[in-house]
Amino acid sequence: MPEQNMPELTFCRNKRLLTARSYQAVFGDTRYKVAHPNLLLLARPNQLSHPRLGLVVAKKHIRHAVNRNRVKRVVRDTFRLVQHQLDSVDVVFLVRPGMDRLSPKEQTELLEKTWLRLSRKLQVDPSCVN
RNA sequence: GGAGCUGGCUGGACAGUCGCCGCUUCGUUUUCUCGGUAUUUCCGUAGGUGAUACUGGGUUGCGUUGGGGAGGAAAGUCCGGGCUCCAUAGGGCAGAGUGCCAGGUAACGCCUGGGGGGCGUGAGCCUACGGAAAGUGCAGCAGAGAGUAGACCGCCGAUGGCUAGUGUAUUCUGGUACAGGUAAGGGUGAAAGGGUGCGGUAAGAGCGCACCGCGCAGCUGGUAACAGUCUGUGGCAUGGUAAACCCCACUCGGAGCAAGACCAAAUAGGAAUCCAUUGGCGUGGCCCGCGCUGGAUUCGGGUAGGUUGCUUGAGGCAUAUGGUGACGUAUGCCCUAGAGGAAUGACUGUUCACGACAGAACCCGGCUUACAGGCCAGCUCCCUUU
RNA sequence: UGGGGUGUGGCCAAGCGGUUAAGGCAGCGGCUUUUGAUGCCGCCAUUCGGAGGUUCGAGUCCUCCCACCCCAG
């Protein structure tokens with residue numbers, strides 16, 4: 001949990017990918033990639049001063065709307081908490097089957113690890129394709 | 001105490017941290033914009049125009065105050081409406097739906113009450129439940145026969161034929177099973193054209209009679225469906241299937257908020273008025289009808305994107321009242337999600353019965369399906385005690 | 001969110017309410033052949049996505065569920 005001199009931890013609309021074009025840009029020019037059986041992250045540097053997040057949660061992979069919504073909420077919440085450790089990148093999160101079978105706590109832990117892996121990749125390898 | 005039936009309610013609680021979306025209070029001048037006052041620039045008759053300062057409002061951003069924020073099924077999309085556009089949804093055909101009766105309702109395939117039928121000891125539950133005497137069709141295999149019945153085994157053979165017996169034989173008594181008569185019994189099948197008994201007969205048969213069942217007409221009760229220890233009448237006529245076509249009665253125009261309306265980069269296939277009414281296009285399958293398209297004149301139109309539609313409604317709650325009830329009426333009070341890649345979450349702690357099914361997307365009324373449990377009310381059956 | 005469609009062996013599929021549910025590919029067994037290919041014969045569906053209902057009888061008709069696919073910015 002974050003503590004002293006709290007940085008801004010909001011998550012408003014300018015920190016999301018809003019148009020189909022933004023998503024296509026990330027899919028077409030993926031520089032970073034973090035994979036796990038239950039999820040996949042794609043990322044690409046942007047020209048802004050902050051990271052942005054986009055979600056792809058397909059009905060095919062997670063059947064019930066309740067579980068889809070919860071996965072999206074957890075992803076957003078964890079992204080919100082680690083956003084200052086990431087550089088200016090556009091990130092697209094894709095689910096894979098089985099994510100809904102994890103408990104909320106397991107999902108949170110998994111995502112915290114995943115964001116850590118992404119930030120490490122961004123620092124080690126700031127420009128190259130994975 | 002146990003087992004069960006019916007109806008209704010509820011769908012973890014509390015605290016903290018970080019966040020999301022509307023509304024709201026105050027502030028900041030962050031963006032854009034409209035106005036007022038003062039000074040002043042230019043053209044100067046009136047007046048117009050620009051700049052600076054002060055000030056008021058709207059809008060947007062940021063901060064801040066307060067308050068709100070998924071369901072009983074939000075689901076499946078199976079019905080019915082509202083709303084919007086197409087004509088104001090109109091006429092006919094075709095098509096679809098509903099189907100005991102009455103009522104409720106905006107409407108319904110829903111609900112309530114009643115009737116018939118079925119199940120249960122009972123409280124209760126289930127019920128596509130109009131018409132097969134308008135017509136057409138279907139019923140494999142088996143079986144004699146499957147819908148104007150039929151004759152395999154069987155029974156009979158009165159009557160007629162053939163034949164025997166006596167003295168004679170159309171007349172009496174047999175034999176035969178040739179014609180024929182039967183539907184009691186057997187057998188087939190899901191289904192075989194009222195049932196039981198008595199009479200009757202050659203054997204039989206509603207052929208006759210009694211009872212039961214059924215049909216028709218009347219009477220009585222009921223708004224009606226329907227009912228009846230009712231009256232008369234018919235020997236029985238009318239097998240099944242309409243979730244086969246169909247008939248009868250009633251209902252239904254089509255699309256859907258990605259409907260539609262407004263502001264509007266780009267691009268030019270345009271809009272209004274008058275004339276013309278043949279062809280083409282547009283709505284739903286078709287026809288009628290209706291609206292566009294064509295020519296002339298005059299100048300403006302609307303994809304990306306944004307705004308709106310968007311939540312106050314056949315709304316809830318309480319009381320009174322009418323009704324068996326669904327529900328209606330009156331009065332008072334309340335406002336209770338409104339996003340736009342899509343808001344309610346995550347984490348920590350405490351607690352208990354350790355938390356099911358599951359997430360609003362224009363809005364309502366139903367139905368159906370999923371569901372850990374918990375609570376309340378009424379009723380039934382069994383056992384025990386007094 | 002709304003609109004529409006499909007479901008029959010492992011795969012592709014036909015199927016007026018009526019015997020034991022066509023056919024092709026694949027698979028398995030056999031025959032033919034020295035072996036293989038080809039050809040021929042045989043086997044392979046306790047049930048037509050599931051559950052109820054109508055009917056004497058349902059893959060087919062009706063109702064409700066389940067799964068999958070397509071269309072509309």
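Per chain, numbering begins at 1; letters A, B, ... match sequence-line order. Just so it is clear, the structure is predicted and the values come from calculations on it, not from any experiment.
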K.L.:
Take the protein atom NE2 of A/His64 and the nucleotide atom P of B/A360, then report the distance between them rounded to whole Å.
P.N.:
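Those two atoms, NE2 and P, are 12 Å apart.
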K.L.:
If you measure from the P atom in B/G118 to the same atom in B/G239, how many Å do you get, rounded?
P.N.:
22 Å
K.L.:
Contacts to RNA chain B from residues 93-104 of chain A, heavy-atom cutoff under 4.0 Å, which residues?
P.N.:
A/Pro104
K.L.:
With a 3.5 angstrom cut-off on both distances, give the Watson-Crick or G-U wobble partner of B/G328, or none if there isn't one.
P.N.:
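B/U321 is the nucleotide pairing with B/G328.
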K.L.:
Between B/A360, B/A70, B/G345, which nucleotide has the shortest distance from any of its atoms to the side chain of A/Asn69?
P.N.:
B/A70
K.L.:
Write down the partner of C/U1 under the Watson-Crick or G-U wobble criteria, each distance required to be under 3.5 Å.
P.N.:
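For C/U1, the partner nucleotide comes out as C/A72, under the 3.5 Å rule.
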K.L.:
Roughly how many Å is it from CZ in A/Phe79 to C1' in B/G19, rounded to a whole number?
P.N.:
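Interatomic distance, CZ of A/Phe79 to C1' of B/G19: 14 Å.
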K.L.:
List every contact pair, protein side and nucleotides 64-71 of chain C side both N or O, where the distance is under 3.5 Å.
P.N.:
residue, atom, partner, partner atom, Å
C/A67, OP1, A/Arg63, NH1, 2.6

K.L.:
Quickly work out the A/Arg73 CZ to B/C21 C1' distance and round it to whole Å.
P.N.:
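Value for this atom pair: 12 Å.
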K.L.:
Taking the same atom, C1', in B/C371 and in B/G359, what whole-Å distance lies between them?
P.N.:
16 Å
K.L.:
Can you tell me the pairing partner of B/U30 across any strand shown, Watson-Crick or G-U wobble, with both distances under 3.5 angstrom?
P.N.:
none
K.L.:
Distances under 3.5 Å only, N/O to N/O: pair up the protein atoms with those of nucleotides 337-341 of chain B.
P.N.:
residue, atom, partner, partner atom, Å
B/G341, OP1, A/Arg13, NH2, 3.1

K.L.:
With both distances under 3.5 angstrom, what nucleotide forms a Watson-Crick or G-U wobble pair with B/C83?
P.N.:
B/G256
K.L.:
Between B/U321 and B/C375, how many Å separate the two C1' atoms, rounded to a whole number?
P.N.:
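Rounded to whole Å, the distance is 32 Å.
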K.L.:
Taking B/A128 as the reference, what is the distance to B/A183 when you measure between their C1' atoms (whole Å, please)?
P.N.:
40 Å
K.L.:
So what's B/C110 paired with, Watson-Crick or G-U wobble, going by both distances under 3.5 Å?
P.N.:
B/G104
K.L.:
Could you check A/Lys113 against A/Leu116 for side chain to side chain contact (heavy atoms under 4.5 Å, CB included), going step by step and ending with a plain yes or no?
P.N.:
CA-CA 5 Å; A/Lys113 276 184 214 154; A/Leu116 209 65; 5.5 Å; no
K.L.:
What is the nucleic acid contact for A/Lys105, judged by heavy atoms within less than 4.0 Å: base, sugar-phosphate only, or nothing?
P.N.:
sugar-phosphate
K.L.:
Compare the minimum distances between each of B/A360, B/A358, B/C18 and the side chain of A/Arg80, then state the nucleotide with the smallest one.
P.N.:
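Of the candidates, B/C18 comes closest.
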K.L.:
NA contact type, A/Arg70, heavy-atom cut-off 4.0 Å: base, sugar-phosphate, or nothing?
P.N.:
sugar-phosphate
K.L.:
What I'd like to find out is whether the side chain of A/Leu122 reaches to under 4.5 Å of the side chain of A/Val89, using heavy atoms alone.
P.N.:
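In short, these two side chains touch, coming nearer than 4.5 Å.
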K.L.:
Can you tell me whether the base of B/U336 sits syn or anti, using the 90° cut around 0 to define syn?
P.N.:
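Syn, since the glycosidic angle lies within 90° of 0.
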K.L.:
State, with a plain yes or no, whether a side-chain heavy atom of A/Lys33 is found less than 4.5 Å away from one of A/Leu40.
P.N.:
yes
K.L.:
So which nucleotide does B/G280 pair with, by the Watson-Crick or G-U wobble rule with both distances under 3.5 Å?
P.N.:
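B/C292 is the nucleotide pairing with B/G280.
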K.L.:
Send over the distance from A/Leu111 CG to B/A346 P, rounded to a whole Å.
P.N.:
13 Å
K.L.:
What is the glycosidic conformation of B/A261: syn, defined as within 90° of 0, or anti?
P.N.:
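Anti, which is what one calls it when the glycosidic angle falls more than 90° from 0.
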K.L.:
If the P atom of C/G17 is compared with that of C/G7, how far apart are they to the nearest Å?
P.N.:
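After rounding to an integer number of Å, I get 16 Å for this pair.
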K.L.:
Please tabulate, for the side chains in residues 90-111 of chain A, all donor-acceptor contacts under 3.5 angstrom to protein atoms that are two or more places apart in sequence or on a different chain.
P.N.:
residue, atom, partner, partner atom, Å
A/Asp90, OD1, A/Asn46, ND2, 2.7
A/Asp90, OD1, A/Arg52, NE, 3.0
A/Asp90, OD2, A/Arg52, NH2, 3.0
A/Arg96, NH1, A/His36, O, 3.1
A/Ser103, OG, A/Glu106, N, 3.3
A/Ser103, OG, A/Glu106, OE1, 3.3
A/Glu106, OE1, A/Ser103, N, 2.9
A/Gln107, NE2, A/Met99, O, 3.0
A/Gln107, NE2, A/Leu102, O, 3.3
A/Thr108, OG1, A/Pro104, O, 2.7

K.L.:
Among all residues two or more places apart in sequence or in another chain, which pass the side-chain hydrogen bond (donor to acceptor under 3.5 Å, both in side chains) test with A/Asp29?
P.N.:
A/Arg31, A/Arg44
K.L.:
Do the side chains of A/Tyr32 and A/Leu42 get nearer than 4.5 Å, heavy atoms only?
P.N.:
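When only atoms from C-beta onward are counted, A/Tyr32 and A/Leu42 do not touch, as no gap falls below 4.5 Å.
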K.L.:
Let me know the distance between CG of A/Asp77 and C1' of B/U348, rounded to the nearest Å.
P.N.:
14 Å
K.L.:
With ring pair (Phe, Tyr, Trp, His ring centres under 6.0 Å) as the rule and sequence neighbours excluded, what pairs involving residues 96-117 of chain A come up?
P.N.:
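Non-adjacent pairs meeting ring pair (Phe, Tyr, Trp, His ring centres under 6.0 Å): A/Phe79-A/Trp115.
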K.L.:
If the glycosidic angle is within 90 degrees of 0 it's syn, otherwise anti, so just tell me which one B/U6 is.
P.N.:
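Anti conformation here, the glycosidic angle of B/U6 being more than 90° from 0.
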K.L.:
Considering only the P atoms, how many Å lie between B/G22 and B/U344, rounded to the nearest integer?
P.N.:
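Here B/G22 and B/U344 have their P atoms 13 Å from each other.
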K.L.:
Of A/Lys72 and A/Val66, whose closest RNA chain B nucleotide lies nearer the 5' terminus?
P.N.:
A/Lys72
K.L.:
Rounded to whole Å, how long is the line connecting atom NZ of A/Lys59 with atom P of B/A342?
P.N.:
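Taking atom P of B/A342 as the reference, NZ of A/Lys59 is at 17 Å.
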K.L.:
Would you compute the distance between atom CG of A/Leu41 and atom CZ of A/Arg117 and round it to the nearest 0.5 angstrom?
P.N.:
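Between atom CG of A/Leu41 and atom CZ of A/Arg117 there are 8.5 Å.
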K.L.:
On a whole-Å scale, what distance lies between the P atoms belonging to B/U28 and B/C257?
P.N.:
48 Å
K.L.:
For B/U303, which nucleotide in any strand shown is its Watson-Crick or wobble partner with both distances under 3.5 Å?
P.N.:
none
K.L.:
Just confirming the chi classification of B/A70, syn or anti, using 90° around 0 as the syn window.
P.N.:
syn
K.L.:
Which residue pairs pass the ring pair (Phe, Tyr, Trp, His ring centres under 6.0 Å) test with at least one member in residues 47-77 of chain A, sequence neighbours excluded?
P.N.:
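Checked against ring pair (Phe, Tyr, Trp, His ring centres under 6.0 Å) - neighbours excluded - no pair reaches residues 47-77 of chain A.
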K.L.:
Using the C1' atom in both, what is the distance from B/A106 to B/G365, to the nearest Å?
P.N.:
9 Å
K.L.:
What distance separates A/Gln123 CD from A/Leu86 CG, expressed to the nearest 0.5 Å?
P.N.:
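It comes to 9.0 Å.
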K.L.:
Using a 90° cut-off around 0 for syn, call B/G197 syn or anti.
P.N.:
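Anti conformation for B/G197.
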K.L.:
Which pairs count as salt bridge (Lys or Arg N to Asp or Glu O under 4.0 Å) when at least one residue sits in residues 54-75 of chain A, sequence neighbours excluded?
P.N.:
none
K.L.:
In Watson-Crick or G-U wobble terms, both distances under 3.5 Å, what is the partner of B/C379?
P.N.:
B/G4
